[in-house]
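Following: one structure in structure tokens, then a few remarks.
Computed from a predicted model, the values in this text were never measured in an experiment.
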Amino acid sequence: MDVTSRRGFLKLAGLGAMGAGIGPRSAAAEAKSLTLLHESSFIKTFDEYMQKTLAPAYEKETGVKINYELTSVGSLPTRISTIAETGSGADVTMIFLLYPFLFEEKLLDVSDIAEEAGKKQGGWYDVAKEAGLVDGKWKAVPFSNIGQLMNWRTDWFAEIGVKKFPDTWEELYEVGKKLKAKDHPFGFELGHGFGDNHGWLYPLLWSYGGHEVEPDGKTVVIDSDETARAVDFARKFFKDTMLDDVLGWTDVSNNKAWYAEQISCTNNAQSILWLAKRDFPDIAKVTNQAQNPTGPKGRFHLMNSVCHSIFNFSPAKDEARAFLRWLMGEKQLGAWYASADSYYQPLLHGYDNAPMWQVEPRNIPYRDALASAHLPGWPAPPNRALAESLAKYVVVDMFAKACSGTSTKEVIKNAEAQLKEIYRPA
Amino acid sequence: VSLSGWLDRESVFSWLMMAPPLLFLAALVGYPFCYGILLSLQDRPVAHPGTFVGLKNFAANFNDPIFWKVTANTFLYTAAATLLKMVGGLALALAMNQQFPLKNLVRALLLLPFIVPTVLSTVAWMWILDPAFSVLNWFLLTLGMPKPGPSWLGDPVLAMGSIIVINTWRGLPFYGITLLAGLQTVPPELYEAATIDGASGWQRFRFVTLPLLQPIILIVTLFSVIFTFADFQLVYVLTHGGPQNATQLFATYAFDIAMGAGQLGRGASVALAMFPALVLLIAALTIYMRRK
């Protein structure tokens, strides 16, 4: 065929297009399968346990194949949004923080599975209900918390005579002042990361009695003496104990600084110890972990909840339910937790004394922190406005601006104005 | 008329050839753009049907102090980075137009910042700007600056300066290579004639090179402004808009609102806020070029 003539070219193009159209169709395997979407875990053995043990075991038992789809760290919300908007892509998904509330219209009521797991495995922690119950129905079966706690260098603390982690924020401040003078500053994220900023700033705010919004989910109450005291504390805590660079930190920064032996205390998930044990054994030896300090109104922790939900548009709802019920069964669940030591802290009391806690006793504070953990924005219920406040870093930037030198009054006034705009009546 | 005769008509055939790219543009640019406009006029939470609210989202942006900060940031970022790229790119092109050993290799290497995926090069910059590991800080400390040296990403002004420099570094080769191509089309006779008339080096540049390069400079600037204005990856990876929104740009802010907060309508309205400024600029440049 002469492809140099126009007609010849068109004929060829037409044939090509036809060829593509009638090409062999993929032999659409009719075998039942389910897709479980997860964010890639920091703990490799955790994902491997699903891929190599749990999924094959379930297929052997039921004939249903489990496709374990991993999405990169930080991209799960975008992936879930796409799936929810297009109505296809996964049957069961990992879902965290406020997302069960944002996506609740697209999620199946899984109350039966959550209640059964609670009944059989010691009952749920209160905070599990905060994470999974949407208007009285479980739209997500809680799986775990990925707690954010205090990580501290025992050797440097010991140099100034501190053997036990300080109990109050004020005591921690005094220790930090001395350590900064010895060139061992603290490093707590005050920039725009995903977790390590909220991880300590919400608990700090709460422990001084401050809140963004009332439990009614409408009334903005950030402008209070309690908030002002928390902000004042943060300013001096930053100025006298920390590196200036923390203002620009994202979530990777404190880990980097930890392994560079640049900081003596930070707030992070237990991955910091896990990776130290693997790559920096000398640092791991002098790393310990503790619950957050207490303030005038108590001790608090941030809940980074991890749950599982089923999309209500899944073509295999019953199979998805059966799989999630199986996954939440004691045998599977306990083994999956154990595959990551205690990086994922179970929200069922049945695991309070499980052997997984003895693998690394330095992780035990993460278990003890569950009783005082709350979702960001607590005591306001999770809703769209709260998600907007988080995405706009209202609380983080309130503290960060104070640390950069703006007056307490002004940063609180700005945060209040932003929150009032976010919580505007519809 | 037979089908083949019909196909051979210039008017028919040219449209047939145009159809695939037009369809492509309509599907991948036109549709998302129109959908974006539709979204911006709705209260449209993710996974929830939208309700038409007219210009309410835009009004809400108007009352959002961060939106205005983001607007100022984006304009500053675009203006500074584009200007630096233009001047630097021109200098680079002039230097590369000289004869020197390994000329072709050096020219090829210059393209590297443009070729390396932004996310990767940004991670490299993350290390360069980390006070503990920074080669910059090491250098400044050796010169006698007190420890730990500047906090490149922790200080709002330095953070903005840093992202401008990185954007310039990344975009410079695009300017340089395009202008170099332009330089090579300048006929040598013009330079010879100018030299015979007694023009100095500067005068040759000012009255021969620059006027002939002008159309290319305009085109490259147009592209560069669009890319810089809508930049996302660099900021998202390096600072995520921090510290305290000092580096927050339209694209990153729109993403946080749409994806982080699940407010698709509001996010679309922030993203569309870029549009009028870009349209004005493109229109101005196009009119200017047509006149020439």
Side-chain angles (χ1 to χ4, degrees), chain A residues 5-7 10 77-78 80-81 83-85 98-99 102-107 183 185 190-194 197 243-253 256-257 260-263 384-394 396-398 400-401 403-404 406 414 417-418 421-422 424 426, chain B residues 3-4 7-8 13 16-17 20 43 45-49 51 53 60 63-66 123 126-127 129-133 147-156 158-159 162 235-248 252-253 255-264 266-267:
Chain A
S5 78
R6 289 174 178 177
R7 220 173 303 152
L10 279 180
T78 317
I80 293 181
S81 299
I83 293 173
E85 286 288 320
L98 310 183
Y99 292 98
L102 290 187
F103 292 95
E104 59 102 5
E105 285 171 59
K106 303 282 179 183
L107 303 177
D183 212 13
L190 278 159
H192 280 192
F194 290 109
N197 40 12
L243 290 172
D244 287 354
D245 207 43
V246 295
L247 290 167
W249 275 10
T250 55
D251 286 352
V252 291
S253 314
K256 245 176 12 180
E261 307 205 78
Q262 221 193 335
I263 51 172
R384 295 196 174 107
L386 183 54
E388 191 176 331
S389 159
L390 276 183
K392 288 182 170 175
Y393 298 96
V394 175
V396 171
D397 283 349
M398 173 181 79
K401 275 183 197 145
C403 294
S404 323
T406 314
N414 286 342
Q418 264 191 292
E421 200 273 320
I422 290 169
R424 63 202 171 268
Chain B
L3 178 67
S4 53
L7 280 179
D8 269 339
F13 188 75
L16 268 178
M17 288 293 102
D43 175 23
V46 69
H48 182 84
T51 41
V53 292
N63 293 322
D64 175 6
I66 299 183
V123 169
M126 204 187 257
W127 288 98
L129 299 174
D130 184 314
F133 305 98
K147 262 181 97 177
S151 167
W152 299 104
L153 301 177
D155 178 89
L158 287 180
S162 300
V235 169
Y236 192 76
V237 174
L238 201 63
T239 63
H240 207 122
Q244 304 135 52
N245 293 315
T247 59
Q248 195 75 276
T252 49
Y253 193 52
F255 181 84
D256 275 349
I257 292 177
M259 285 301 158
Q263 306 272 3
L264 299 182
R266 193 70 192 278

- Item | Nearest atoms (heavy-atom pairs only) where Leu247(A) meets Pro243(B) | O-CB, 3.2 Å
- When every non-hydrogen atom of Arg384(A) is compared with those of Pro45(B), the smallest separation belongs to NE-CB, 3.2 Å
- Query: Looking at Asp256(B) and Ala391(A), what are the two nearest heavy atoms and their distance?
  - Reply: O-CB, 3.4 Å
- List the atom of Asn245(B), the atom of Asp397(A), and the distance in Å for their closest heavy-atom pair. ND2-OD2, 3.3 Å
- Note on the structure: Among Gln262(A), Lys401(A), Glu104(A), the residue with the most heavy-atom pairs under 4.5 Å to chain B is Lys401(A)
- In terms of heavy-atom pairs under 4.5 Å with chain A, the winner among Leu158(B), Asp130(B), Ile257(B) is Asp130(B)
- Note on the structure: The interface call for Ser404(A) against chain B, heavy-atom contacts under 4.5 Å, is side chain
- Part of Asp183(A) lying under 4.5 Å from any heavy atom of chain B: side chain
- Find the one option among Lys256(A), Met398(A), Lys106(A) whose heavy-atom pairs under 4.5 Å with chain B are most numerous. Lys256(A)
- In terms of heavy-atom pairs under 4.5 Å, which option from Pro131(B), Gly262(B), Ala258(B) contacts chain A the most? Pro131(B)
- Rounded to the nearest 0.5 Å, what separation is found between the CD atom of Gln244(B) and the OG1 atom of Thr406(A)? 7.0 Å
- How would you list, by chain and number, every residue that makes a side-chain contact (heavy atoms from CB on, under 4.5 Å) with Thr252(B), sequence neighbours excluded? Phe232(B), Val235(B), Tyr236(B), Gln248(B), Leu249(B)
- So which part of Val246(A) gets closer than 4.5 Å to some heavy atom of chain B, the side chain, the backbone, both or neither? neither
- Item | For Asp64(B), all residues meeting side-chain contact (heavy atoms from CB on, under 4.5 Å), sequence neighbours excluded | Lys392(A), Ile66(B), Phe67(B), Tyr253(B), Arg266(B)
- Shortest non-hydrogen contact between Tyr99(A) and Gly260(B), atoms and distance: OH-O, 3.4 Å
- So do the side chains of Pro49(B) and Glu105(A) get within less than 4.5 Å of each other, counting heavy atoms only? yes
- Item | For chain B, the option from Ser81(A), Gly191(A), Ala84(A) that forms the most heavy-atom pairs under 4.5 Å | Ser81(A)
- Item | Nearest atoms (heavy-atom pairs only) where Glu388(A) meets Ala261(B) | CA-CB, 3.4 Å
- Message: Need one label for Leu390(A): side chain, backbone, both or neither, based on atoms under 4.5 Å from any heavy atom in chain B.
- Response: neither
